[in-house]
Amino acid sequence: MEILEGSCRFGLWFVQVRWSADTVHRVRFAEVGIPGAVPEPVRKYCAGLPVDLTSLASIAAHDDSTYGRIYRAVRKVPYGKTATYGEIARDAGTGPRVVGQAMARNPTPLIIPCHRIVAAHGIGGFSPSIEIKEALLAMERKNLHKILLGKTTN
DNA sequence: AACGTACACTTAT
DNA sequence: ATAAGTGTACGTT
């Protein structure tokens, strides 16, 4: 299967994506873009639409390694919600610090929504910049509110 | 193959 | 606020 690549914007950042068909191999936040398109759901998500990215597969979420289990647990956290490192650790049968390491090495952020994993008493980390995590969480939170308001006020 | 160190944490003082 | 506990991974012997 042919490997494709491209980028789109998320705020000040570019989101570079390498993928083939419906499997994403790499996602990274960068200060520069690369030519080419990104998968439709990623484009919409970055544009601020409340898109569920579980329709895309991540290359990293399939094997039955510790990281594989962690990544699958992380993918269960829905749009607009968060879980703690400890919760993910319990789900995956490992320890919280391992979850931190797995998040730091996550090859496909967004597809594996590591930004939704926060510390028990704080936001936790994010590379290359914590601002991205804050922005992603703020965006999802805002969209959830919109959806809820739409349901209850009309 | 063992060892030391580093962690995007957590829980108990 | 601080320290002790924690599980895993990774580089270096």
Side-chain angles (χ1 to χ4, degrees), chain A residues 3 5-20 22-34 38-39 41-148:
Chain A
I3 305 282
E5 63 178 22
S7 61
C8 67
R9 265 204 184 272
F10 175 74
L12 303 172
W13 294 83
F14 287 93
V15 183
Q16 303 182 355
V17 187
R18 290 206 308 123
W19 85 104
S20 59
D22 58 350
T23 299
V24 177
H25 296 238
R26 246 349 153 263
V27 174
R28 69 180 189 137
F29 290 89
E31 294 177 6
V32 296
I34 55 177
V38 301
V42 173
R43 188 172 56 68
K44 287 184 171 167
Y45 178 91
C46 290
L49 274 39
V51 174
D52 179 19
L53 293 177
T54 53
S55 58
L56 264 18
S58 165
I59 199 75
H62 288 293
D63 61 291
D64 192 29
S65 61
T66 302
Y67 277 21
R69 288 194 301 281
I70 291 172
Y71 291 145
R72 280 195 297 281
V74 171
R75 294 208 74 181
K76 292 197 246 170
V77 181
Y79 190 102
K81 302 261 283 195
T82 61
T84 66
Y85 294 97
E87 285 165 354
I88 297 299
R90 278 193 291 282
D91 191 344
T94 183
R97 317 192 63 152
V98 184
V99 174
Q101 283 186 121
M103 297 306 95
R105 302 182 186 335
N106 178 8
T108 59
L110 302 187
I111 312 306
I112 294 164
C114 58
H115 59 281
R116 296 181 192 142
I117 311 307
V118 298
H121 303 289
I123 188 172
F126 197 88
S127 52
S129 164
I130 190 65
E131 294 173 19
I132 297 173
K133 187 175 188 174
E134 289 163 352
L136 289 169
L137 289 174
M139 178 184 83
E140 295 192 0
R141 206 161 44 233
K142 192 178 69 178
N143 279 334
L144 265 208
H145 287 163
K146 255 197 280 194
I147 292 165
L148 287 179

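Below, chains carry the letters A, B, ... as their sequence lines are ordered, and counting in each starts from 1. Just so you know, these numbers come straight off a predicted model, no measurement behind them. Computed from heavy atoms alone, side chains included, the values below leave out hydrogens, waters and symmetry copies.
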Practice task
Flag yes if more than 12 heavy atoms outside A/L49 fall under 6.0 Å of its CG atom; otherwise flag no.
Solution key: yes
Completion exercise
Against the side chain of A/Y85, the closest entry in B/dT11, C/dG7, B/dA8 is B/dA8
Completion exercise
From the candidates C/dA9, C/dT6, B/dT10, the one with an atom nearest any side-chain atom of A/T66 is C/dA9
Handout entry: For DNA chain B, the dot-bracket pattern of Watson-Crick and G-U pairs whose distances stay under 3.5 Å, | for other-strand partners
Key = |||||||.|||||
Practice task
Identify which nucleotide among C/dA9, B/dA8, B/dT10 has an atom closest to any side-chain atom of A/T84, counting heavy atoms from C-beta outward.
Solution key: B/dT10
Completion exercise
Checking B/dA8, B/dC9, C/dT8 against the side chain of A/P96 (C-beta onward), the nearest is B/dC9
Practice task
In sequence, state the C-alpha distance, the side-chain angles, and the governing distance for A/E131 and A/F126, and then conclude on side-chain contact (heavy atoms from CB on, under 4.5 Å).
Solution key: CA-CA 8 Å; A/E131 294 173 19; A/F126 197 88; over 6 Å; no
Handout entry: CA sep, side-chain torsions, deciding dist, call: A/E140, A/K81, salt bridge (Lys or Arg N to Asp or Glu O under 4.0 Å)
Key = CA-CA 8 Å; A/E140 295 192 0; A/K81 302 261 283 195; over 6 Å; no
Problem - Rounded distance in Å - CZ (A/R105) to P (B/dA8) - result: 8 Å
Practice task
Look at A/D64 together with A/R72 and state whether they make a salt bridge at an N to O cut-off of under 4.0 Å.
Solution key: yes
Exercise for the section: For A/V99 and for A/H121, locate the closest nucleotide of DNA chain B by heavy-atom distance; then report the residue assigned to the nucleotide nearer the 5' terminus. Expected result: A/V99
Exercise for the section: Whole angstrom is fine here: how far is it from OH in A/Y67 over to C1' in B/dA8? Expected result: 11 Å
Practice task
Please state how far atom CZ in A/R69 lies from atom C1' in C/dG7, giving the value in whole angstrom units.
Solution key: 12 Å
Handout entry: Between C1' of C/dG11 and CD of A/Q101, the distance in whole Å
Key = 13 Å
Practice task
For the pair A/K76 and A/D91, find out whether any cationic side-chain nitrogen is under 4.0 Å from an anionic carboxylate oxygen.
Solution key: yes
Exercise for the section: Specify the separation, in whole Å, of atom CZ of A/R97 and atom P of C/dT6. Expected result: 12 Å
Handout entry: Any donor-acceptor N or O pair under 3.5 Å, side chains A/Y67, A/N106
Key = no
Exercise for the section: Verify the distance criterion only: is there a donor paired with an acceptor across the side chains of A/H25 and A/T108 at less than 3.5 Å? Expected result: no
Problem - A/R90 CZ - B/dT10 P separation (whole Å) - result: 9 Å
Exercise for the section: Check the distance between C/dT8's P and A/M103's CE and give it to me in whole angstrom. Expected result: 15 Å
Exercise for the section: Would you indicate what A/A104 reaches in the nucleic acid, counting non-hydrogen atoms under 4.0 angstrom: base, sugar-phosphate, or nothing? Expected result: base
Fill in the blank from the handout: Rounded to whole Å, CD of A/E87 lies from P of B/dT10 at a distance of 9 Å
